[in-house]
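For reference, the structure is listed below as C-alpha cells.
Protein chains get the first letters and strands the later ones, always in sequence-line order, with residue 1 at the start of each.
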Amino acid sequence: MAATPFTALDVHYSILYSSDTKFPVGFTFPFKLPSKRFTLVCNSSKSPPKPPPNSSTELQKQNPSLAEQLKPLSSTTLTDIPPKDQPPNTHLLTKPRSTWVNPTRPKPSVLSLQRHKRSSYSYNPRIRDLKLFARKLNECDTSEAAFKGVLEEIPHPPTRENSLLVLNNLKPWEKTILFFNWVKTQNLFPIETIFYNVTMKSLRFGRQFQLIEELAHDMIKNEVELDNITYSTIITCAKRCNLFDKAVEWFERMYKTGLMPDEVTYSAVLDVYAKLGKVEEVMSLYERGRASGWKPDAIAFSVLGKMFGEAGDYDGIRYVLQEMKALGVEPNLVVYNTLLEAMGKVAKPGLARSLFEEMVESGINPNEKTLTSLVRIYGKARWARDALQLWERMKSNGWPMDFILYNTLLSMCADLGLVDEAEGLFEDMKASEHSKPDSWSYTAMLNIYGSGRNVDKAMKLFEDISDLGVELNVMGCTCLIQCLGRAKRIDDLVRVFEFSLKKGVKPDDRLCGSLLSVLSYCEGEDLDKVLACLHQANPKLVAFIKMVEEEKTSFEMVKEEFKSILNDTSVEARRPFCNCLIDICRNKDTTERAHELLYMGTVYGLYPGLHTKTADEWRLNVRSLSVGAAHTALEEWVGTLTKMVERQEALPQLFSANTGAGTHKFSQGLPSAFALHVRKLAAPFRQSEEKAGLFVATREDLVSWVQSRSLAATA
DNA sequence: GTAGGGTTAG
C-alpha cells in the first residue's frame, strides 16, 4: 500500500470519474467517442519500440493492444480494498475503491516518464546572414515565382544546419512549406524528423491541419521516424482546428506503433478530452498517468482546472488545488489565472479572492488576464467594495492593463451601476494609445446609461457610434431600445432599430424581449410603430399578439401557438417573453388570456417555485414575474384559496407573497405595484416589517376576507 | 535562434 500514488481525493474521483465502474480504474479504458470506440494500446515490453511501419493493419499484428496486454494482469493483481481501509474524509465514497495492491508487479505504463531529448544546437556563424535571408523570404510575394527569385540569393549553401536555421525563421506557413519542399528537392542530405517538426509547427500557426497530416503521411511513406514532438504538434494542431477526432486518432496511432507518449504529448491529449468535455476520460487518463509514476506539472493542472471550471464542478477545482499541494507542485501565473477563471465559472467569488491574495503573497504579480477574471467575478457577484478596492490596487501598483481589461472594468461598472467611474474609464480609453474604445466599450456604456435611464447620454453615444463608424452590436441595440422605450421616445427607438438592421444587427430573442416589453406599456400610434419593428424581428410573435386579442380564439389555439413560440425561443428568453405577453394582455383588458398564459407558463416550467408550502406557511413567490404576471398570479391564488375556504379545507397559519425588495437594476417597482394591487383587492396582506418585499396575511384575516367577499358577491 | 503541451470579455 505504501507505494500507492493515490491520495484521498483520488479515491473520490476514481469513483466519480471512472468511465465504467465494472472496470477498475487503471485498466480497461473504453473511450466513447462520437464516431467509434477504441481502446488505448501501448507496449509494456522492455525492448525499445520499433520505428513505425507503414500500415495500420501491419501495426496491429506487431503490437497487441493495451487491453490484450493487460488482460491477465487485470484478473490477477487487482482487488477492491474493503471500505474500512479507506482514508478519512472520503464521505463522498459510495463504492470501495480499486487500486493496485501488488507493488511488486510492474504497473502498466501509459506514458513515458522520460521527455524527448532534444539535439543540442551548435553555434552557426552564418546566423546573421541566414536570418536576414529568412526575413527576405518572409517579406517577398507568396507566389512561387517570387519565392524562387529570392531563393537564388541564398548567402550560404543549404547544408543541413543552414537549412534548419532558415526553416526555423520562416513565418507564414506558405513560405515554410515552399522552403521545406525546395530543400527536399536539393537532395543534399536526408530529411530528418526535425525538419518535418519545424515545418509542422509553422503550419500549425496557419491552422493547416490537412497539410500537416500530408506531411505526416509523407514521413510514414519515407520511413522517417515520428517522435513525440511530431505527434504533439499534430495533436495540438488538430485540437486548434477543432478536429478532435483527428487528435484522438493520432494519439491512438502512437500506441499502435509502439511509441509511448511523454508528458508533453500526454497533457496535450488530456486537453483534447477536456475540450470535448469528457471529464471521465480525462480523470481516467490522469489517474493512469499517476499510476505510471507521472508527477503532473503546472501545465497539466492548468488543463484540469480549466476543464472543471467549464464543467462548473467546484469539487473538481478543489481537487486540483489539493492534488497540487499534495504533490508539491507550485502554481504558476497561468495556473492561478486558470483557477481564478474557474472559480468565476462556479460562482465562488470569496474563494477567488483568497486565491488571488495567496498568489500575490507568494510573490507572483497578476497580469491582465488575472485582473480581467477577478474584475468580472466581483462585478457578477455585485461585490462593489472589493471591485473598487481592486481597482485602486491596480492603479497604485501599476498592474498591467489592456483593452480587454478596460472593457471588463466597464462591464463591471455596468453591473454595479458605477456611472462616474465608467465615464472616467471611458475617457481614459479614448485618450489611450492602445486601448481605444471598441464596440464592447460602447455597449458597456450603453448598458450603464440604459439601466440608469439616462436617455440623453445614451442617445449621444448612439450618435457618436454612427459618426465614428463604431460597430453597433445586438446588445448595444437592445440596451438602447429598453432605455428609449421606458422614456417613451418611440420615434428614436424606431430610428435606432432601423439603423441597427441596416448595419447588419441580427435581432435575437433578447432584442425581441425588449420590444415586447416596450409594447406592454405602449398605446395608440406608438403601439403600431413598435409592432412594426417587432414584425421585422419576429413576425410570429406579432401574429400571436394579434391572435390572442381575438375573442373567437380558443384556448386550444393559444396553447398550440404559444408552445410553438416557446420552442423557437432560447431558454433564457422564455420567461421574459411570457411575462411581457401577460402584461400586454392585461393592458388590453384581456385578463382571461393573461390567466391562460400564466397557466401555460407554469405548465412549461417557466416559473419554478412559484408556490412553496410548509405546514405553517404557504407562499407565493413572484420575484421573477413582471408586474402584470404577479397580479395575475395573485388573483389566481386568491381564487384557489377562496374555493378552499368555501370547501372548509385545511389551511396553514400564515400566507405570504414575496416580490423581492426590488433593488435590482431591472426591477420595475414590483413591490409598490404589488402593494397597490393588494389594496385594490382589499386583500388582508400587510408589508412585513422585517423583510422588504414580503407581504403576509394570517389565516383568520384571509378567511374572514374571503367570506365577506362571497357575501358581497351573493348580495 | 532554441522542433512539442496550459490562461483573458455580455
Under-3.5 Å donor-acceptor pair between [X] side chain and [N] base:
| X | N | answer |
| --- | --- | --- |
| A:S232 | B:dG5 | no |
| A:D262 | B:dG4 | yes |
| A:R115 | B:dG5 | yes |
| A:T338 | B:dT7 | no |
| A:D297 | B:dG5 | yes |
| A:D415 | B:dG10 | no |
| A:T236 | B:dG5 | no |

inquiry  = With a 6.0 Å cut-off (strictly less than), is the heavy-atom count around CD of A:E572, excluding the residue itself, greater than 12?
reply    = yes
inquiry  = With a 6.0 Å cut-off (strictly less than), is the heavy-atom count around NZ of A:K503, excluding the residue itself, greater than 12?
reply    = no
ask   = By centroid distance (under 5.5 Å) and plane angle (under 30°), are A:F301 and B:dG6 in a stacked arrangement?
value = no
At 4.0 Å (heavy atoms only), tell me whether [X] reaches a base, stays on the sugar-phosphate, or touches nothing.
| X | answer |
| --- | --- |
| A:T443 | base |
| A:D508 | nothing |
| A:V198 | sugar-phosphate |
| A:T370 | nothing |
| A:N169 | nothing |
| A:K117 | base |
| A:S411 | nothing |
| A:V335 | base |

In this structure, how many angstroms lie between the [atom2] atom of [N] and the [atom1] atom of [X], rounded?
| X | N | atom1 | atom2 | value |
| --- | --- | --- | --- | --- |
| A:D271 | B:dG4 | CG | P | 17 Å |
| A:M394 | B:dT8 | CE | C1' | 12 Å |
| A:M307 | B:dT7 | CE | P | 13 Å |
| A:D509 | B:dG10 | CG | C1' | 16 Å |

ask   = Which class fits the ring pair A:W399 and A:F356: parallel under 30°, tilted 30 to 60°, perpendicular over 60°?
value = perpendicular
Show which side-chain atoms of residues 204-212 of chain A pair as donor or acceptor with protein atoms under 3.5 Å away, not counting sequence neighbours.
{"residue": "A:R204", "atom": "NH1", "partner": "A:T236", "partner atom": "OG1", "Å": "2.7"}
{"residue": "A:R207", "atom": "NH1", "partner": "A:R240", "partner atom": "O", "Å": "3.0"}
{"residue": "A:Q208", "atom": "NE2", "partner": "A:G206", "partner atom": "O", "Å": "2.9"}

note = Out of B:dA3, B:dT8, B:dG1, minimum distance to the side chain of A:I127 belongs to B:dG1
side-chain contact (heavy atoms from CB on, under 4.5 Å) partner of A:L355, chosen from A:V360, A:L321, A:L374 = A:L321
